[in-house]
Amino acid sequence: MIAPSFKERVLTIVREIPKGRVLSYGEVAKCAGSPQAFRAVGTVLAKNEDVSVPCHRVIRSDGHAGTYNGLQGKSKEAVLRSEGVIFDKNNKVVV
DNA sequence: TCCGTGACTGACG
DNA sequence: GCGTCAGCCACGG
């Protein structure tokens with residue numbers, strides 16, 4: 001039993017995000033133990049290749065989907081819409 | 001051990 | 001309302 005790395009925590013948290021729900025990088029970083037490490041969250045997800053981690057459910061604090069490496073072969077927004085997430089006129093996620 | 005990188009955030013003009 | 005600048009953190013080489 002050892003303290004998992006920040007990366008492991010982020011992946012675990014993202015993996016527990018329910019379908020149709022989204023979290024911001026800041027929220028994930030906060031749950032990971034470093035609320036100001038939102039920058040590292042992006043770095044970790046960017047290098048992540050595990051499809052078991054719905055990294056597409058992590059969006060910016062502005063409500064925009066943000067960037068996506070196309071792990072699922074689709075745009076972040078497209079994947080979120082497929083999960084029931086609604087976008088408004090401004091392309092922002094509706095909570 | 002030190003430096004560079006990056007899917008971000010908030011503030012300013 | 002939009003674009004730009006600087007700051008922050010964790011990881012790999």
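So you know, we letter chains A, B, ... as the sequences are listed, proteins then strands, and number each from 1. Only a predicted model underlies this, so the values are computations on that prediction, with no experimental measurement involved.
Residue A:Arg60 has a polar side-chain atom (N or O) positioned under 4.0 Å from OP1 or OP2 of B:dC8. Contact annotation: A:Ser24 side-chain N/O to B:dC8 OP1/OP2 distance is not under 4.0 Å. In this structure, A:Thr43 does not reach the C:dA10 phosphate: none of its side-chain N or O atoms is under 4.0 Å from OP1 or OP2.
Each of A:Phe38 and A:Phe6 was assigned the nucleotide of DNA chain C with the nearest heavy atom; the assignment lying further toward the 5' end belongs to A:Phe38. The nearest heavy atom of DNA chain B to A:Gly26 and to A:Ala40 marks one nucleotide each, and the one closer to the 5' end goes with A:Ala40.
Summarising the base pairing, B:dA7 is matched to no nucleotide, lacking a Watson-Crick or G-U wobble pair whose two defining distances lie under 3.5 Å.
The side chain of A:Cys55 sits closest to B:dA7 out of B:dA7, C:dG12, C:dA10.
From A:Glu77, atom CD reaches atom NZ of A:Lys92 across 13.5 Å, with rounding to the nearest 0.5 Å. Atom-to-atom distance recorded for A:Tyr68:OH and A:Ser75:OG is 9.5 Å, nearest 0.5 angstrom.
Atom CG of A:Asn48 and atom C1' of B:dA7 are 11 Å apart (whole Å). Atom pair A:Leu45:CG and B:dC8:P shows a separation of 10 Å (rounding to whole Å applied). What separates CZ of A:Arg9 from P of C:dC11 is a distance of 11 Å, to the nearest Å. Distance A:Tyr25 OH to B:dT9 P: 7 Å, rounded to the nearest Å. One can place CD of A:Glu27 at 16 Å from P of B:dC8, the figure rounded to the nearest angstrom. In this structure, A:Asp62 places its CG atom 13 Å from P of C:dG1, rounding to the nearest Å. In this entry the distance linking CD of A:Glu8 with C1' of C:dC11 reads 13 Å, nearest Å. The distance from atom NZ of A:Lys7 to atom P of B:dG6 is 17 Å, rounded to the nearest whole Å.
Judged by distance alone, with hydrogens and angles left aside, A:Arg39 brings a side-chain donor or acceptor within reach of the base of B:dC8, the pair sitting under 3.5 Å.
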Which atom pairs, donor and acceptor, lie under 3.5 Å between side-chain atoms of residues 8-24 of chain A and protein residues at least two apart or in another chain?
{"unit_1": "A:Thr12", "atom_1": "OG1", "unit_2": "A:Glu8", "atom_2": "O", "d": "2.7"}
{"unit_1": "A:Ser24", "atom_1": "OG", "unit_2": "A:Glu27", "atom_2": "N", "d": "3.3"}

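A:Ala37 comes within 4.0 angstrom of sugar-phosphate atoms only, judged by non-hydrogen atoms across all strands, and of no base.
For the side-chain contact (heavy atoms from CB on, under 4.5 Å) test with A:His56, the passing option among A:Val79, A:Leu71, A:Leu45 is A:Val79; the others fail.
Here the side chains of A:Phe87 and A:Val93 are in contact, with some heavy-atom distance below 4.5 Å.
Minimum heavy-atom separation, A:Phe6 to A:Ala37: CZ-CB, 3.7 Å.
Against DNA chain C, the stretch residues 69-82 of chain A makes no heavy-atom approach under 4.0 Å.
Transitive grouping of hydrophobic side chains (ILVMFWY, heavy atoms separated by less than 4.5 Å) keeps A:Leu80 and A:Val58 in distinct clusters.
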